[in-house]
Amino acid sequence: YVREPSLVINEKALEVNKINLNKVIEEGLTPNIACRKIYSVVRPYWMKSTNKTIIKPIMICHSSWFDWQFLKRLHDMGSFPLEHINDRIIDTRSIMKFLQLSSFPDLQSSSFDQMLEMTGTEIKDTERHTALGDAMALGRAMNKILEKLKNGS
């Protein structure tokens, strides 16, 4: 949880994302500390290419614009430079839309829920709409999609 200096509350968003506001207030990290934690998780994955340039992790997410804007806002609030994540992003919602228009015309939408359903990827209710739970489910779903495409089914 991130405890922003000034909380703007939307009751519907709290309900959908199963956010306990008291828990955010009690356990939430300041934006700067949250940024430092993100950095400490991402930094070990930096690599050096053959010409010694740094290769930073590429973010893979569903509806990437939202996630990127969230990260930029968080890093601005935390006065922490957002230079540890590559600004090249793989958007799985765009991939789902492409699949819907090309290979899988029976797909009803390009939503994350549709992606999970299409791939038979399960996620516990307690993990849904959490950063780690959704990220792990996204990884499992993308692996299944890649396997389907590889096998031509």
Side-chain angles (χ1 to χ4, degrees), residues 1-99 110-150:
Y1 297 112
V2 178
R3 186 182 60 246
E4 296 183 8
S6 173
L7 294 175
V8 178
I9 299 158
N10 177 308
E11 293 295 331
K12 183 68 176 166
L14 292 176
E15 180 185 332
V16 167
N17 295 298
K18 301 175 186 112
I19 296 173
N20 178 332
L21 194 55
N22 291 328
K23 201 169 188 175
V24 172
I25 292 167
E26 292 169 13
E27 299 176 20
L29 305 174
T30 66
N32 184 270
I33 292 173
C35 291
R36 289 175 190 278
K37 283 193 168 269
I38 292 169
Y39 176 81
S40 70
V41 168
V42 172
R43 177 60 181 95
Y45 294 97
W46 284 11
M47 297 181 293
K48 288 201 173 154
S49 68
T50 53
N51 65 359
K52 306 281 192 242
T53 59
I54 300 287
I55 301 171
K56 299 173 188 174
I58 296 175
M59 200 165 74
I60 301 174
C61 46
H62 206 77
S63 297
S64 61
W65 185 88
F66 173 82
D67 293 331
W68 187 248
Q69 295 307 312
F70 177 84
L71 280 173
K72 282 178 25 179
R73 182 175 173 275
L74 175 65
H75 282 71
D76 284 346
M77 276 191 300
S79 300
F80 198 91
L82 181 56
E83 57 192 26
H84 49 281
I85 298 173
N86 194 322
D87 62 356
R88 293 185 185 260
I89 301 168
I90 297 173
D91 182 13
T92 57
R93 186 174 198 124
S94 296
I95 292 170
M96 285 295 292
K97 191 63 177 174
F98 174 78
L99 292 176
S110 57
S111 72
F112 186 54
D113 288 333
Q114 180 72 57
M115 176 187 230
L116 297 178
E117 183 180 321
M118 170 194 161
T119 59
T121 303
E122 295 185 13
I123 182 171
K124 295 177 188 172
D125 285 342
T126 55
E127 295 174 358
R128 185 67 173 99
H129 294 292
T130 67
L132 183 58
D134 284 354
M136 297 299 288
L138 178 66
R140 290 192 306 271
M142 277 306 299
N143 283 336
K144 290 177 183 180
I145 288 172
L146 292 171
E147 194 61 36
K148 280 184 181 197
L149 293 173
K150 184 176 157 187

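We count residues from 1, following the sequence as given.
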Engineer: What are the two closest non-hydrogen atoms of M96 and H62, and how far apart are they?
Structural biologist: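 Closest pair (atom of M96, atom of H62, distance): CG-CE1, 4.0 Å.
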Engineer: List the atom of Y39, the atom of P44, and the distance in Å for their closest heavy-atom pair.
Structural biologist: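 Minimum heavy-atom separation between Y39 and P44: O-CD, 4.4 Å.
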Engineer: Roughly how far, to the nearest 0.5 Å, is the OG atom of S63 from the CD atom of Q69?
Structural biologist: 12.5 Å
Engineer: Has H75 got a side-chain atom pairing as donor or acceptor with F80's backbone, closer than 3.5 angstrom?
Structural biologist: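 It does not hold such a pair.
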Engineer: So which atom in A34 and which in V2 form the shortest heavy-atom distance, rounded to 0.1 Å?
Structural biologist: CB-CG2, 3.8 Å
Engineer: Using the test side-chain hydrogen bond (donor to acceptor under 3.5 Å, both in side chains), find all partners of E4 that sit at least two apart in sequence or belong to another chain.
Structural biologist: R73
Engineer: Using every non-hydrogen atom in the two residues, find where L82 and I85 come nearest and quote the distance to one decimal.
Structural biologist: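 Shortest heavy-atom separation between L82 and I85 comes out as CD1-CD1, 4.2 Å.
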Engineer: When rounded to the nearest 0.5 angstrom, what distance separates CG in L149 from CD1 in I95?
Structural biologist: 9.5 Å
Engineer: Under the side-chain contact (heavy atoms from CB on, under 4.5 Å) rule, what do M142 and I90 come out as? Steps first, then yes or no, please.
Structural biologist: CA-CA 11 Å; M142 277 306 299; I90 297 173; 5.9 Å; no
Engineer: Under 6.0 Å from the OH atom of Y45, do we count more than 12 heavy atoms belonging to anything else shown?
Structural biologist: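 Not buried by this count: 12 neighbours or fewer within 6.0 Å.
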Engineer: Report yes if the side chains of P31 and S79 come closer than 4.5 Å at any heavy-atom pair, otherwise no.
Structural biologist: no
Engineer: Is there a side-chain contact (heavy atoms from CB on, under 4.5 Å) between T92 and I145 once you walk through the steps?
Structural biologist: CA-CA 11 Å; T92 57; I145 288 172; over 6 Å; no
Engineer: Just wondering, do D91 and W65 contact through their side chains at under 4.5 Å, heavy atoms?
Structural biologist: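 Not touching, per the 4.5 Å side-chain cut-off.
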Engineer: For V42 and K56: C-alpha separation, side-chain torsions, deciding distance, then whether side-chain contact (heavy atoms from CB on, under 4.5 Å) applies.
Structural biologist: CA-CA 8 Å; V42 172; K56 299 173 188 174; over 6 Å; no
Engineer: Test of understanding: with side-chain hydrogen bond (donor to acceptor under 3.5 Å, both in side chains), list the residues that count as partners of K72, not counting sequence neighbours.
Structural biologist: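 K72 satisfies side-chain hydrogen bond (donor to acceptor under 3.5 Å, both in side chains) with no residue once adjacent residues are dropped.
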Engineer: Do T30 and R3 touch side chain to side chain, with heavy atoms closer than 4.5 Å?
Structural biologist: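 The answer is yes; the side chains approach within 4.5 Å.
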Engineer: Restricting to non-hydrogen atoms, name the atom on C61 and the atom on L138 that form the minimum distance, rounded to 0.1 Å.
Structural biologist: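 Minimum heavy-atom separation between C61 and L138: CA-CD2, 3.7 Å.
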Engineer: If you count heavy atoms of other groups shown closer than 6.0 angstrom to CG of N10, is the number above 12?
Structural biologist: yes
Engineer: Nearest 0.5 Å, what's the CD1-NE2 distance between I123 and H129?
Structural biologist: 8.5 Å
Engineer: Just so I know, are the side chains of L7 and I25 near enough to count as touching, which here means a heavy-atom distance under 4.5 Å?
Structural biologist: yes
Engineer: Please give me the minimum heavy-atom distance between W46 and I54, naming the atom from each residue.
Structural biologist: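 Heavy atoms only, the tightest pair is CE3-CG2, 3.7 Å.
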Engineer: Residues in side-chain hydrogen bond (donor to acceptor under 3.5 Å, both in side chains) with T53, at least two apart?
Structural biologist: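 T53 satisfies side-chain hydrogen bond (donor to acceptor under 3.5 Å, both in side chains) with S49, N51 once adjacent residues are dropped.
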Engineer: In Å and rounded to the nearest 0.5 Å, what is the NE2 to CG distance from H84 to L71?
Structural biologist: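 If I round to the nearest 0.5 Å, the distance is 7.5 Å.
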Engineer: At what distance, to the nearest 0.5 angstrom, does CG of D125 lie from CD of E127?
Structural biologist: 9.5 Å
Engineer: Would you mind listing every salt bridge (charged side-chain N to carboxylate O under 4.0 Å, His left out) that reaches into residues 26-42, with sequence neighbours excluded?
Structural biologist: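 For residues 26-42: none.
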Engineer: Once rounded to the nearest 0.5 Å, what's the spacing between atom OG of S40 and atom CD1 of I33?
Structural biologist: 11.5 Å
Engineer: Which pairs count as salt bridge (charged side-chain N to carboxylate O under 4.0 Å, His left out) when at least one residue sits in residues 128-143, sequence neighbours excluded?
Structural biologist: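 For residues 128-143, and leaving out neighbouring residues, the salt bridge (charged side-chain N to carboxylate O under 4.0 Å, His left out) pairs sorted by first residue read D113-R128, R128-D134.
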Engineer: Quick one: are D67 and I89 in side-chain contact, heavy atoms under 4.5 Å?
Structural biologist: no
Engineer: I'd like to check the side-chain hydrogen bond (donor to acceptor under 3.5 Å, both in side chains) partners of D76; sequence neighbours left out, ordered by chain and number.
Structural biologist: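 With sequence neighbours excluded, D76 shows a side-chain hydrogen bond (donor to acceptor under 3.5 Å, both in side chains) to no residue whatsoever.
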Engineer: Just wondering, are more than 12 heavy atoms of other shown residues or ligands nearer than 6.0 Å to CD in E122?
Structural biologist: no
Engineer: So, T130 side chain and G133 main chain: donor-acceptor pair closer than 3.5 Å or not?
Structural biologist: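 It does hold such a pair.
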